*Asks:* 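This structure is in structure tokens; I'll ask about it shortly.
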2 protein chains.
Amino acid sequence: MRERRVAKARARKQAVAPEDLPLGQILAGDCIEAMRTLPDDSVDLVFADPPYNLQLGGDLNRPDGSGVDAVNDHWDKFDSFAIYDDFTRDWLTEARRVLKPDGGLWVIGSYHNIFRVGAILQDLGFWILNDVVWRKSNPMPNFKGTRFTNAHETLIWASQGEKARYQFNYTAMKTLNDELQMRSDWLIPICGGQERLKHDGHKAHPTQKPEALIYRLLLATTEKGDVVLDPFFGTGTTGAVAKRLGREWIGCEREDFYRGIAAERIAKELPLDESALATMQSRKAAPRVAFGTLVENGTVPPGTQLFDKKRRWHATVRADGSLVHERQSGSIHALGKVLQGAPSCNGWVFWHMERDGKTVAIDSLRQEYLLANED
Amino acid sequence: MRERRVAKARARKQAVAPEDLPLGQILAGDCIEAMRTLPDDSVDLVFADPPYNLQLGGDLNRPDGSGVDAVNDHWDKFDSFAIYDDFTRDWLTEARRVLKPDGGLWVIGSYHNIFRVGAILQDLGFWILNDVVWRKSNPMPNFKGTRFTNAHETLIWASQGEKARYQFNYTAMKTLNDELQMRSDWLIPICGGQERLKHDGHKAHPTQKPEALIYRLLLATTEKGDVVLDPFFGTGTTGAVAKRLGREWIGCEREDFYRGIAAERIAKELPLDESALATMQSRKAAPRVAFGTLVENGTVPPGTQLFDKKRRWHATVRADGSLVHERQSGSIHALGKVLQGAPSCNGWVFWHMERDGKTVAIDSLRQEYLLANED
DNA sequence: ATGACCAATGAATCTATAA
DNA sequence: ATTATAGATTCATTGGTCA
């Protein structure tokens, strides 16, 4: 169940007890104020879809707390950038405090705001892991023919810092992408059809994100039971998908209207059952089997000759699970490394043996052992 | 041939006489100093490929043990974000001065630097017209399985200001893209093969850009005879493509070695006649759909039962698009292969599901998805 | 000639754990 | 914090060799 580049245990132990968190709740009011009610180091992931209209007016406040009236355009764009930057720094700072040391952050935006968000989160110490491009399969055309069709949005995925650990479910992503590494460009349709929430025949929210987008990033960077915080909850897509995937969630949303819609939507959502939630596990996460175990139980008896695929090197298995080749000896990894003069070697895939007239990698013997000794 | 959203006449009259510009020359020294020698309002387009400030750690080895030849040049080293920001502000300021009022600016970067560049150019008054994603058809994989494959870079296209006019050859782009509006995501291979400049058997420059990329942006945002300035000239891709397309060019490059290579390269380049312009057509995205896409978007929800045509085997779909059958799990292809004991299996045609009381192959669901989401 | 096979390589912030 | 050891990890393309 572990694919964290992380011993999660320590962070988990320190973690806030679930009963001290408003799980499954949509906090009312300004997201910065709302986040202030949450304890330090308490959520595993933040997903944020902040407003990016730079003339937001009521959505923004000056550093001194006074409101900004953008309808009066005596604000030139430099002022509005500065105000947007302050706003961004404020909510990112609060998100950083609430996030566990090995938690992850996702932010989505367009060219209007994403460069500002990216630079500020770097300044705050977040460490960018990837920028991910959401390629829209059905974007709105550029009606006037004045620019390229704006056919994508950008997501930034970051950890708490350069040395911070983070969750990345590599194998699940690779499986989701037909056995190829998941790339940083994702082709996903915009939210429409049945999925698009309507109110009085009109779209309920102007920027509702597709569930498939949230699905992928939650599957990639959280595990079951993790707590996901969305400071700009809107119609609650994050909550709906989190619930479906067996993740806990907390939302912040200032508009009563959206809170109502989101709560209703999430109530209808059903969690997937256990068996569907399981995902492909990386070998990193498999229980460790020492080579010595296979020697002990007779799968690879002492004295067995091992060799690499091209039979350029060979070695003999000793009773303690070490290998010997002429005067050199060591673990399956160490000897493989020394013989090849390589910087490192995974002995499990390097070494092979004869069995029933066939050449088998010792790694496949380990797989058999694991299957036969599950649980 | 006018498609400028612009009356270009005024700017053109004020323009510096060509004989006062070092057209077709590579200026030596630091690009900021070099640009200072150019008059105000004198070039039509700036294309810049500045250092990315990669901040790489130690060595990286591939799974086969071979090393990755990383960018480790002195020109990519900056002590802090603040110093990188100062450098960026300085060269952008100088570029802004040299650029005509209705000129265009392109900058390319990766997540390491592009957010800083984007925010600073907004601060300086540039107006972003699009961000464009260069999707690499053949990126380097993420060897350690720690992140998403970093499969794209980002370009920013900007005008001198919100009200500034700019050149955009809408029809040329539409033609290049099979009569569909050119989108903001461009699929182009990385620079390799014959195009990649070599020196003593090694790549001459660590970050040579593909000509197709420069070709497209010059074709989109300049017209014949325009002056293109590249402050980070490197191996002179911008000069070579500009010459081919009948545009004038000026380069800045501090390394003697690169200046030599670039000059030699451009000398060999021949201007294209009009009729040949259609040669480097865009490559359309391959219509590849992963099974996981159908799981994400709800076509095949997690928990769905799949079975082969004769219903000899069955399996359950999990959240990451893997299948599980008793103790065995894997992708649609891998599990089909294991269950049948076959050397290979095309899971798309092997697996079926019930829909509306009918049995359908999952391949037909893929076809439907492709039809509904054509690019 | 053709195909099979192998080697090389590209802007990369590229491991986890225990002692 | 540092060090040593176990062990996990790649895609598309080009170009060369050999049957």
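Within every chain, numbering begins at 1; the chains are lettered A, B, ... in the order of the sequence lines, protein sequences first and strands thereafter. In what follows, every heavy atom counts, from backbone to side chain, and hydrogens, waters and symmetry copies are set aside. Note that this is a predicted model, so its numbers are computed, not measured.
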*Asks:* Base, sugar-phosphate, or nothing for B:Thr207, non-hydrogen atoms under 4.0 angstrom?
*Replies:*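 Result for B:Thr207 = base.
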*Asks:* Would you verify whether the NZ or CZ of A:Arg311 falls within 45 degrees of the ring axis of A:Phe307 while also being under 6.0 Å from that six-membered ring's centre?
*Replies:*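 Yes, A:Arg311 lies over the aromatic ring of A:Phe307.
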*Asks:* Is it the case that the base of C:dT13 and the side chain of B:Arg147 share a donor-acceptor contact (distance under 3.5 Å, atom types as modelled)?
*Replies:*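 Side chain to base: pair found, below 3.5 Å.
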*Asks:* Which nucleotide in the set D:dT9, D:dA8, C:dA11 lies at the smallest distance from any side-chain heavy atom of B:Lys136?
*Replies:*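 Nucleotide nearest to B:Lys136's side chain: C:dA11.
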*Asks:* Heavy-atom contacts under 4.0 Å between residues 319-341 of chain A and DNA chain D, which residues?
*Replies:*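 A:Ser331, A:His333 - these, ordered by number, are the residues of the stretch whose heavy atoms sit under 4.0 Å from the strand.
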*Asks:* Checking contacts here: which listed nucleotide (D:dC11, D:dA8, C:dT13) is nearest the side-chain heavy atoms of A:Trp127?
*Replies:*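 So the side chain of A:Trp127 is nearest to C:dT13.
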*Asks:* Determine, for B:Trp186 and B:Arg135, whether the Lys NZ or Arg CZ falls below 6.0 Å from the six-membered ring centre while staying within 45 degrees of the axis.
*Replies:*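 No; the conditions do not both hold, so B:Arg135 does not lie above the ring face of B:Trp186.
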*Asks:* Can you find a side chain N or O atom of B:Lys203 that sits less than 4.0 Å from OP1 or OP2 on C:dT9?
*Replies:*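 No, outside the criterion.
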*Asks:* Select base, sugar-phosphate, or nothing to describe what B:Asp49 touches, counting heavy atoms under 4.0 Å on all strands.
*Replies:*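 Answer is base: heavy atoms of B:Asp49 come under 4.0 Å of a base.
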*Asks:* Strictly below 4.0 Å, N to O, side chains only: are A:Lys100 and A:Asp41 in salt-bridge contact?
*Replies:*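 Looking at A:Lys100 and A:Asp41, the cut-off is not met.
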*Asks:* Does A:Asn346 contact D:dA8 through a side-chain donor or acceptor facing the base, at a distance under 3.5 Å?
*Replies:*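 Between D:dA8 and A:Asn346, which were checked side chain against base, a qualifying N/O pair under 3.5 Å is present.
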*Asks:* A:Arg366 near the nucleic acid: base, sugar-phosphate alone, or nothing, with a heavy-atom cut-off under 4.0 Å?
*Replies:*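 Sugar-phosphate contact only - A:Arg366 comes under 4.0 Å of backbone atoms but never of a base.
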*Asks:* Base, sugar-phosphate, or nothing for B:Asn61, non-hydrogen atoms under 4.0 angstrom?
*Replies:*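 Result for B:Asn61 = nothing.
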*Asks:* Pick the P atom in D:dA12 and in C:dC14, then give their distance to the nearest Å.
*Replies:*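 Rounded to whole Å, the distance is 23 Å.
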*Asks:* How would you label the contact of A:Leu129 with the nucleic acid (heavy atoms, under 4.0 Å): base, sugar-phosphate, or nothing?
*Replies:*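 The answer is nothing, as A:Leu129 stays clear of every strand by at least 4.0 Å.
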*Asks:* Is the charged tip of B:Lys136 near the ring of B:Trp134: under 6.0 Å from the six-membered ring centre and within 45° of its axis?
*Replies:*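 Relative to the ring axis of B:Trp134, which defines the angle, B:Lys136 lies inside both limits.
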*Asks:* Should A:Lys174 be listed as having a side-chain N or O under 4.0 Å from OP1 or OP2 of D:dT10?
*Replies:*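 For A:Lys174, the contact criterion (side-chain N or O under 4.0 Å from OP1 or OP2 of D:dT10) is met.
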*Asks:* Looking only at side-chain atoms of A:Arg165, point me to the closest of C:dA11, C:dA7, C:dT17.
*Replies:*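 That would be C:dT17.
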*Asks:* Does the D:dA6 base have a donor-acceptor partner in the side chain of A:Lys284 within less than 3.5 Å?
*Replies:*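 Answer is no: no donor-acceptor pair is held.
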*Asks:* From the set C:dC14, C:dA11, D:dC11, return the single nucleotide nearest to any side-chain atom of B:Lys144.
*Replies:*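 The nucleotide sitting nearest to the side chain is C:dC14.
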*Asks:* Dot-bracket, 5' to 3', for DNA chain D please: Watson-Crick or G-U pairs under 3.5 Å, [ ] where pairs cross earlier ones, | where the partner sits on another strand, dots elsewhere.
*Replies:* .|||||....|||||||||
